[in-house]
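As structure tokens, the structure follows; a few thoughts come after it.
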Amino acid sequence: MHIAILTGAGISAESGLGTFRDKGGLWERHDLNDLATPEGFARNPTMVHDFYNMRRQTVRAAQPNPAHHGLARLQKHSQYKVTLITQNVDDLHERAGSDPVIHMHGTHLVALCAACAHRWPAPARMQPQDRCPACGDGVARPDVVWFGETPYHMDEILPAIAGCDLFVAIGTSGTVYPAAGFVELAREGGAETLELNLEPSDRASAFHAARFGPASQVVPTWVDELLSR
Ligand code: OAD
């Protein structure tokens, strides 16, 4: 059985990383047009770098939680083929032992040259005067996909979703496309679909089944059930 899993900010919430749209979430406290668009970066690179520098520091201090560990267990020790796709820009799946992890929105632990697309490990503190070490000229930005930009690895993701037997969305509000449309793509391909979330997401009615509760509890329980089959 091929299981395609999509994770969102909710899976990292119990590791202390804030989500975007919950009460008190990042996009309630900050304007995403300022911090998560190429135009916002062009207007005020210092502010954008400060935001991602702060988030990078928070991520480095955070630890994976039982939900990340559960998925790593599923990926490593099972008879199932597991495609793990995340919208998260943190590395908690990798630190829990998942491999491979498809980062469709990139990662802020990597720097990207806006001119030549060279990538290198992001320093703890990125600044507007940083230049690309490869071409020496291009402006360095966090390697995250901003609104208005195309998510990464879609050539790999779309066939995996369309061809899977079970699609599971974990800790995502289902408000940002194209990820929010994966459930329909999976259903069109004949897959069963399952939502694991703290509470029903905006797309809850699109799934065949759902389980609600904190990811640190719901995910390991679901994984244990699959592994004991
Ligand atoms: P959101 O903040 O939109 O949604 C988080 C979801 O996690 C909500 O549905 C919550 O109910 C759920 N949640 C919160 N705590 C949870 C917990 N402990 N256990 C399980 N679920 C929990 O985050 P995303 O859906 O990931 O993109 O957001 C998608 C994209 O929007 C992000 O990748 C980011 C953002 O703008 C970019 O920056 C391009």
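As the structure lists them, so they are numbered: ligands from 1, and atoms in each ligand from 1. Counting begins at 1 with the first residue of the sequence. The shown structure was predicted, so the numbers you read here are calculated from the model rather than taken from an experiment.
In this structure, the protein non-hydrogen atom closest to atom 26 (O) of ligand 1 is Ala9 N, 2.8 Å. Closest protein heavy atom to atom 25 (O) of ligand 1: Thr172 OG1, 2.7 Å. Remark: minimum distance from atom 12 (C) of ligand 1 to any protein heavy atom is reached at Asn197 OD1, 3.3 Å. Of the protein's heavy atoms, His105 ND1, 2.8 Å lies nearest to atom 33 (O) of ligand 1. The shortest contact between atom 1 (P) of ligand 1 and any protein heavy atom is with Ser173 OG, 3.6 Å. Looking only at heavy atoms of the protein, atom 39 (C) of ligand 1 is closest to Val145 O, 2.9 Å. Ranking the protein heavy atoms by distance from atom 17 (C) of ligand 1 puts Gly10 O, 3.4 Å first. Scanning the protein heavy atoms around atom 31 (O) of ligand 1, the nearest turns out to be Arg21 NH1, 3.0 Å.
If you number the atoms of ligand 1 from 1 as listed, the ones under 4.0 Å from a heavy atom of Ala13 come out as 15 (N). Near Gln87, the atoms of ligand 1 lying under 4.0 angstrom from a non-hydrogen atom of the residue are 29 (C), 33 (O). Ligand 1 places these atoms under 4.0 Å from at least one heavy atom of Val176: 29 (C), 30 (C), 31 (O). If you number the atoms of ligand 1 from 1 as listed, the ones under 4.0 Å from a heavy atom of Phe147 come out as 36 (O). Residue Gly8 has at least one heavy-atom neighbour below 4.0 Å for each of these atoms of ligand 1: 26 (O). Every atom of ligand 1 with a heavy atom of Trp27 under 4.0 Å away is listed here by number and element: 35 (C), 36 (O).
Here the straight-line distance linking atom CD1 of Ile85 with atom CD of Glu156 works out to 8.5 Å at 0.5 Å rounding.
Between Gln127 and Arg125, the side chains place a donor N or O and an acceptor N or O closer than 3.5 Å (distance only, hydrogens not considered). Residues Glu195 and His208 have side chains that never bring a donor and an acceptor to within less than 3.5 angstrom of each other. In this model, no donor atom of one side chain and acceptor atom of the other lie less than 3.5 Å apart for Gln63 and Ser15. Side-chain contact, Asp22 with Thr19: a donor N or O sits under 3.5 Å from an acceptor N or O. A donor-acceptor pair shorter than 3.5 Å can be found between the side chains of Ser12 and His68. Using modelled atom types and a 3.5 Å distance limit, the side chains of Tyr152 and Asp143 yield a donor-acceptor pair.
Considering backbone and side-chain atoms alike, Pro214 places every N or O at 3.5 Å or more from each N or O of ligand 1. In terms of N/O distances under 3.5 Å, ligand 1 is approached by Ala215. Considering both main-chain and side-chain atoms, Gly171 comes within under 3.5 Å of ligand 1 through a nitrogen or oxygen pair. Close N/O approach between Phe20 and ligand 1 is found [any backbone or side-chain N/O within under 3.5 Å].
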Any chance you could lay out the side-chain contact (heavy atoms from CB on, under 4.5 Å) test for Leu196 and Ile11, step after step, and finish with the verdict? CA-CA 10 Å; Leu196 304 179; Ile11 197 167; over 6 Å; no
Between Thr86 and Leu6, is a side-chain contact (heavy atoms from CB on, under 4.5 Å) present by the stated rule, with each step listed? CA-CA 5 Å; Thr86 188; Leu6 172 71; over 6 Å; no
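Across the listed options Ile11, Thr7, Asp22, Thr175, Asp22 owns the non-hydrogen atom lying nearest to atom 8 (C) of ligand 1.
The aromatic rings of Phe41 and Trp146 sit tilted, their planes meeting at an angle between 30° and 60°.
Across every non-hydrogen atom of Met104 and Pro178, the tightest pair is CE-CG, 4.2 Å.
Counting only heavy atoms from C-beta outward, the side chains of Leu185 and Leu158 approach each other to under 4.5 Å. Between Asn33 and Glu39, every side-chain heavy-atom pair lies at or beyond the 4.5 Å cut-off.
Residue contacts with ligand 1 for Trp146 are absent, since no atom lies close enough (heavy atoms, distance under 4.0 Å). The side chain of Glu14, and not its backbone, has at least one atom closer than 4.0 Å to an atom of ligand 1 (non-hydrogen atoms only; side chain from C-beta on).
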